[in-house]
Amino acid sequence: MINRPLVLTYLYLLVYILLSSGVILYNKWVLSPKYFNFPLPITLTMIHMGFSGAVAFFLVRVFKVVSPVKMTFEIYATCVIPISAFFASSLWFGNTAYLHISVAFIQMLKALMPVATFLMAVVCGTDKLRCDVFFNMVLVSVGVVVSSYGEIHFNVVGTVYQVTGIFAEALRLVLTQVLLQKKGLTLNPITSLYYIAPCSFVFLFVPWYLLEKPEMQVTQIQFNFWIFFSNALCALALNFSIFLVIGRTGAVTIRVAGVLKDWILIALSTVIFPESTITGLNIIGYAIALSGVLMYNYIKVKDVRASQLSSDSLPDRIVKDWKLEKKSSDIFTPNSNDGNGGNGSSDMNVDEEAPLLASSRLSHIGRMQVGNHNQ
């Protein structure tokens with residue numbers, strides 16, 4: 001007899017992997033001068049922000065799918081605005097990297113996300129230095145350096161843009177935990193879009209006006225409505241697929257899916273974009289970095305499970321033991337009762353490949369660490 005819930009879970013994971021990979025490849029195709037030739041990453045990101053903000057507005061205010069949170073001016077000014085600023089920066093830098101380096105190399109650089117997140121968490125005081133975690137961070141860094149050394153088409157500008165975007169995203173994740181969660185405010189993917197997307201659009205307007213508007217006035221840029229509409233729609237669908245995956249799987253399952261997605265994406269990019277050449281050193285370096293990320297994930301999952309066990313009474317522990325895999329999804333949603341609030345919306349839906357909520361976007365498995373730091 002077919003286990004229908006299990007089939008649905010794997011279906012959601014498959015949809016997530018396909019959408020996540022597809023949005024990254026789509027963005028590369030749109031931005032690359034060799035293909036669609038729309039080399040304006042800020043403009044593309046603003047299109048995504050405008051589209052996602054509009055959809056969120058209709059879902060919240062018109063169709064009332066979800067209710068808006070209790071947002072005061074103080075919370076908006078001290079929390080939403082700084083988070084939106086770093087969110088907009090991470091998307092801007094991450095999308096600009098597509099103009100200079102290959103998708104495969106970008107995915108390898110994204111293995112640095114747990115390193116960046118850990119460093120930002122230590123600086124902000126939400127995590128402490130630990131020898132085992134520090135060793136994993138060194139291992140990841142060494143792997144990325146080896147992979148970079150083996151990159152045939154290494155580009156300093158593109159690498160700097162991507163690494164800067166990674167650190168901006170890491171700081172955004174930490175600020176989400178420090179600012180929003182300490183005020184008891186939880187945002188799901190829809191309300192996150194509702195509050196953050198319009199603010200990010202405003203932040204992006206300044207660099208767009210200074211950097212890309214003059215270029216658009218002197219250069220003939222092709223604009224295809226259906227291309228940009230479908231691109232933004234795919235990114236929005238990715239955010240919702242992440243929302244569904246969080247609710248049906250545990251942390252370990254999601255992380256394994258993220259690893260699988262990264263390898264599939266690297267392989268697909270070399271087929272779709274022939275200029276994306278992978279060398280033996282690329283693979284060796286990425287394998288080293290990935291081993292460090294996996295070890296880091298294991299440590300964090302173990303810490304969360306130990307925390308859950310210590311907080312349960314003995315009878316509760318016996319009853320709940322079989323639920324540990326499901327409960328480990330609390331990694332994404334600390335201080336959340338429904339499994340979809342809290343940092344879940346800031347970690348998972350920020351797949352950098354989903355330029356609606358940044359991403360953006362990590363190696364996907366590395367972007368989900370912030371939720372553990374206080375546990």
Side-chain angles (χ1 to χ4, degrees), residues 23-48 85-113 115-116 119-120 140-172 200 203-219 221 262 265-266 269-270 272-279 281-282 285-286 289 352-353 355 358-363 366-367:
V23 170
I24 288 182
L25 296 172
Y26 203 166
N27 285 347
K28 172 67 175 180
W29 181 81
V30 169
L31 292 168
S32 177
K34 296 182 179 180
Y35 299 97
F36 185 73
N37 191 24
F38 187 80
L40 302 172
I42 303 176
T43 305
L44 181 65
T45 307
M46 290 180 70
I47 291 172
H48 291 152
F86 285 105
F87 174 50
S89 300
S90 68
L91 292 178
W92 169 18
F93 296 135
N95 282 337
T96 303
Y98 287 118
L99 298 176
H100 305 280
I101 53 181
S102 68
V103 170
F105 187 49
I106 286 175
Q107 290 304 115
M108 295 175 189
L109 289 176
K110 285 174 185 174
L112 284 173
M113 180 55 78
V115 178
L119 291 177
M120 293 298 102
V140 171
S141 301
V142 169
V144 172
V145 170
V146 172
S147 181
S148 301
Y149 184 78
E151 176 65 16
I152 294 178
H153 305 293
F154 182 81
N155 183 285
V156 175
V157 174
T159 302
V160 170
Y161 268 118
Q162 182 60 44
V163 173
T164 304
I166 288 172
F167 274 89
E169 173 63 10
L171 187 54
R172 184 195 72 85
S200 297
F203 274 107
L204 289 167
F205 180 82
V206 176
W208 173 81
Y209 186 84
L210 297 175
L211 300 176
E212 293 190 357
K213 183 176 179 292
E215 182 179 350
M216 296 177 71
Q217 292 175 334
V218 299
T219 307
I221 302 294
D262 287 340
L265 186 55
I266 289 173
S269 67
T270 60
I272 298 175
F273 306 111
E275 68 274 13
S276 300
T277 305
I278 297 179
T279 66
L281 271 180
N282 282 147
Y286 185 61
E352 77 294 335
E353 52 265 29
S359 225
S360 58
R361 315 3 61 332
L362 143 231
S363 165
R367 278 200 304 273

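Heads up: numbering here begins at 1 and tracks the sequence.
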Next on the checklist: Does Tyr149 form a ring-ring contact (aromatic ring centres under 6.0 Å, His included) with Phe154? I'd like the steps, not just the answer.
Outcome noted: CA-CA 8 Å; Tyr149 184 78; Phe154 182 81; 9.6 Å; no
Checklist entry - Is the closest side-chain heavy-atom distance between Ser148 and Leu109 below 4.5 Å? => result yes
Item to check | Exercise: identify the closest heavy-atom pair between Ser276 and Thr270 | outcome: O-CG2, 3.1 Å
Checklist entry - What is the ring orientation for His100 with Tyr161, classed by angle as parallel under 30°, tilted 30 to 60°, or perpendicular over 60°? => result parallel
Next on the checklist: Main chain of Pro207, side chain of Glu212: is a donor-acceptor contact present, judged purely on distance under 3.5 Å?
Outcome noted: no
Next on the checklist: I need the Ser269 OG to Gln107 CD distance, nearest 0.5 Å.
Outcome noted: 8.0 Å
Checklist entry - What is the distance from atom CG of Leu91 to atom CD of Glu169, rounded to the nearest 0.5 Å? => result 7.5 Å
Checklist entry - Between Pro214 and Tyr209, what is the shortest heavy-atom contact and its length? => result CD-O, 3.4 Å
Checklist entry - Hey, does Asp262 have a side-chain heavy atom less than 4.5 Å from the side chain of Tyr286? => result yes
Item to check | Residue pair Leu31, Phe36: steps toward the side-chain contact (heavy atoms from CB on, under 4.5 Å) verdict | outcome: CA-CA 7 Å; Leu31 292 168; Phe36 185 73; over 6 Å; no
Next on the checklist: In the structure I gave you, are the side-chain heavy atoms of Thr43 and Phe38 within less than 4.5 Å of one another anywhere?
Outcome noted: yes
Checklist entry - How long is the span from the OG atom in Ser102 to the CD1 atom in Ile278, to the nearest 0.5 Å? => result 7.5 Å
Item to check | Test log, rule side-chain contact (heavy atoms from CB on, under 4.5 Å), inputs Ile42 and Lys213 | outcome: CA-CA 10 Å; Ile42 303 176; Lys213 183 176 179 292; over 6 Å; no
Item to check | Heavy-atom check, side chain of Leu44 versus side chain of Leu40, under 4.5 Å | outcome: no
Checklist entry - Should Phe93 and Val160 count as side-chain neighbours, where that means a heavy-atom distance under 4.5 Å? => result no
Checklist entry - How far apart are the closest heavy atoms of Thr45 and Asn95, and which atoms are they? => result OG1-ND2, 2.7 Å
Item to check | Test item: Thr219 side-chain N/O and Met216 main-chain N/O as donor-acceptor pair under 3.5 Å | outcome: no
Next on the checklist: How long is the straight-line distance from CD of Glu215 back to CD of Gln217, given to the nearest 0.5 Å?
Outcome noted: 11.0 Å
Next on the checklist: If we ignore hydrogens and angles and just use 3.5 Å, is the side chain of Ser90 paired with the main-chain N or O of Phe87 as donor and acceptor?
Outcome noted: yes
Item to check | Straight-line distance of Ser32 OG to Asn37 CG, nearest 0.5 Å | outcome: 8.0 Å
Item to check | Exceeds 12 heavy-atom contacts within 6.0 angstrom, atom CZ of Phe203 | outcome: yes
Checklist entry - Which heavy atom in Lys28 sits nearest to a heavy atom in Ile101, and how many Å separate them? => result NZ-O, 3.2 Å
Checklist entry - Going by heavy atoms in the side chains, are Thr279 and Glu151 under 4.5 Å from each other? => result no
Item to check | Heavy-atom side-chain proximity of Asn282 to Thr277 below 4.5 angstrom | outcome: no
Item to check | Interatomic distance, Lys34 atom NZ to Glu275 atom CD [nearest 0.5 angstrom] | outcome: 4.5 Å
Checklist entry - Taking all non-hydrogen atoms of both residues, which atom of Val144 and which atom of Ala111 are closest, and how far apart? => result CG2-CB, 4.2 Å
Item to check | Closest non-hydrogen atom pair between Thr96 and Pro41, with its separation | outcome: OG1-CG, 3.3 Å
Next on the checklist: I'd like to check Phe273 versus Leu25 (side-chain heavy atoms, cut-off strictly below 4.5 Å). Are they in contact?
Outcome noted: yes
